[in-house]
Every structure is written in C-alpha cells, then in structure tokens.
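Submitted below is the structure of interest, expressed as structure tokens.
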Amino acid sequence: MRAVAVLASGEGTNLQALIDAARDGRIAARFAGVFSDRRGARALERARDAGIPAQAFAPKAFADRAAFDAALFGAVAASGADLVVCAGYMRLLDAAALAPWQGRIVNIHPSLLPAYKGLHTHARALDDGAAVHGASVHFVTGELDGGPVIAQAAVPVLPGDDAAALAARVRGREHPLLVAVVGLLCEGRAVLDERGIQFDGAPLDTPLQLGATDRFP
Ligand code: GRF
C-alpha cells in the first residue's frame with residue numbers, strides 16, 4: 001500500500017474519486033492526509049467524512065511562499081506520505097520544498113499538455129477553436145504545469161460548448177484518469193528517473209492515453 005497525501009484547494013471531486021477507488025480496492029493506496037491552502041475547501045470535508053486526517057494552512061499566516069511550503073511539506077512528510085497528489089491544488093509550489101519530492105509528486109491539469117498551461121484552459125481552448133481538449137497527469141517540477149506528462153484523457157469539443165460545458169466534460173474524464181495514474185504509481189509501473197518517465201521498465205516517449213476502458217494495458 002502506498003501512503004498518499006492529497007493537496008486540494010476546492011471541491012475535491014478528484015480527491016473523492018481517489019477515496020472511492022481506494023475503498024473499492026481499485027488502487028493500492030491508503031491516505032496519509034489531505035492538505036489545503038483554504039480552510040473552507042470542500043475537499044477537507046470529504047477527507048474528514050472518509051476518516052482521513054485533514055489540515056488547512058493559511059497562506060496569510062506565513063511570511064512568503066517558501067515559508068508556507070516549508071510548513072506544508074513538513075506536515076506532508078510528518079504524515080508518512082510517500083506520494084503526493086495535487087488534485088485541484090491552486091497554488092504555485094516552491095522549488096526548494098518540491099526538491100525532496102521529485103518523482104513522488106504529481107498534478108492533474110485540465111488540458112492536453114503542453115497546450116494551455118495555467119488558468120482558464122477551457123475558455124482558451126474554445127477561443128482557439130480547438131477540436132479536442134482534455135486532461136493530463138504529470139510529475140511536478142519547478143515549472144508550472146511543465147513536468148513530464150504520464151498520461152492524458154481527451155474529449156471532443158462539441159458545437160455549442162461554453163467553458164462550463166467543456167469543463168464538465170473534461171472533469172468527467174479527470175476522475176478515471178487520476179485514478180488510473182495513481183494506480184500505476186502505486187504499483188510502481190510508472191517511475192521518474194534521470195532519463196525521464198519509465199513505464200513498465202521502458203522509456204515512455206509519449207504520454208499514455210486513457211481509452212474507454214478507463215485502464216492502461
Ligand atoms: C480540476 O479541474 C483540476 O484539474 C483543476 O482544478 C479542478 C479541481 O476540481 N486543477 P476538484 O476540486 O477535484 O473537484
């Protein structure tokens with residue numbers, strides 16, 4: 001069982017998907033803790049409802065990002081976590097705090113990276129007339145939404161979509177994508193080393209694509 005810490009700022013629907021998957025035995029994970037930068041985050045409630053220790057840190061209580069992240073990652077380490085999943089965590093991360101977690105921290109981002117790093121990805125895809133959009137799970141590095149991508153799930157952009165409709169379609173694929181990737185990480189099938197991502201022991205040249213089965217072969 002891998003001990004997973006989840007960082008979340010908002011609703012926590014991705015967190016909930018992980019909780020459900022672990023409860024059903026679909027991923028070999030137990031939760032060391034859920035951590036947030038927002039005291040009111042629904043994600044914290046979801047964690048407590050599932051019996052997972054949940055902790056919020058207020059950015060205003062710290063002098064700067066480095067101090068905040070030092071405290072946050074100190075608590076993550078103290079929880080016994082050995083894998084960190086950023087699931088709707090909306091703050092940039094300090095490079096020094098990240099360094100010890102390289103290869104053990106992933107993020108889900110609502111776009112087919114490297115397209116649309118940053119915010120408002122759905123509106124930007126619509127503005128560009130993109131035909132496909134989606135979500136990616138990547139290892140976190142110091143570069144915003146820039147680390148090596150493990151896997152993606154694509155959705156079509158449909159006539160008449162607005163940003164909310166497209167976001168909802170993407171969100172529906174985020175959950176199985178995140179569960180499938182955390183499953184790979186828990187099983188040790190996807191690892192990051194100095195050569196890049198290794199999947200089942202071979203270099204992963206292009207991100208895995210999640211198909212209709214919601215599983216990777
Ligand atoms: C997701 O779309 C995630 O990709 C983005 O923020 C959203 C979080 O949703 N970064 P939730 O809190 O998991 O419901």
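In this text the structure is predicted, and so the values were computed from the model without any measurement. Counting starts at 1 for both ligands and their atoms, following the listed order.
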Query raised in the report: Under the criterion side-chain contact (heavy atoms from CB on, under 4.5 Å), which of V106, I105, I108, V6 is the partner of C86?
Result: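 Exactly one candidate clears the test, I105.
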Requested in this report: Consider ligand 1: state whether an atom of it lies below 4.0 angstrom from any non-hydrogen atom of P110.
Outcome: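 Yes.
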Query - Polar atom proximity, G12 to ligand 1 (N or O, under 3.5 Å) - result: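 Yes, at least one N or O pair falls under 3.5 Å.
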Report task. Considering heavy atoms of the protein only, find what lies nearest to atom 3 (C) of ligand 1 and give residue, atom and distance to 0.1 Å. Result ->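 Scanning the protein heavy atoms, the shortest distance from atom 3 (C) of ligand 1 goes to E174 OE1, 3.4 Å.
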Requested in this report: Can you pull out the closest protein heavy atom to atom 9 (O) of ligand 1? Residue, atom name and distance to 0.1 Å, please.
Outcome: R171 NH1, 3.4 Å
Query raised in the report: Going by atom types alone, do Y116 and D128 pair a side-chain donor with an acceptor below 3.5 Å?
Result: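 Per modelled atom types, Y116 and D128 side chains form a pair under 3.5 Å.
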Query raised in the report: Considering only the protein, which heavy-atom contact is closest to atom 14 (O) of ligand 1, and what is its distance?
Result: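 Going atom by atom, the protein heavy atom closest to atom 14 (O) of ligand 1 ends up being T13 OG1, 2.5 Å.
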Query raised in the report: Under 30°, 30 to 60°, or over 60°: which ring-plane class applies to H122 and H133, parallel, tilted or perpendicular?
Result: perpendicular
Report task. Give the atoms of ligand 1, by number and element, whose distance to some non-hydrogen atom of I108 is under 4.0 Å. Result ->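 Within the 4.0 Å cut-off of I108, ligand 1 contributes 4 (O), 10 (N).
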Query - Nitrogen or oxygen atoms of H109 and ligand 1 under 3.5 Å apart - result: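 Between H109 and ligand 1, no N or O pair is found under 3.5 Å apart.
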Query raised in the report: R104 and R2: side chain to side chain contact (heavy atoms under 4.5 Å, CB included), yes or no, with the steps?
Result: CA-CA 11 Å; R104 296 189 297 148; R2 218 150 164 198; 4.1 Å; yes
Report task. Output the list of atoms in ligand 1 that are nearer than 4.0 Å to some heavy atom of G88, sorted by atom number. Result ->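 Reading through ligand 1 atom by atom, the close ones are 6 (O), 8 (C), 10 (N).
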Query - I27 side chain near V179 side chain, heavy-atom distance below 4.5 Å - result: yes
**Report entry** Trace of the salt bridge (Lys or Arg N to Asp or Glu O under 4.0 Å) decision for R26 with D20
**Finding:** CA-CA 9 Å; R26 284 179 280 130; D20 294 347; 5.8 Å; no
Requested in this report: State the atoms of ligand 1, each with its element, that fall below the 4.0 Å cut-off from a heavy-atom position in E11.
Outcome: 12 (O), 14 (O)
Requested in this report: Measure from NZ or CZ of R91 to the centre of the six-membered ring of F68, then state whether that distance is under 6.0 Å and the direction lies within 45° of the axis.
Outcome: yes
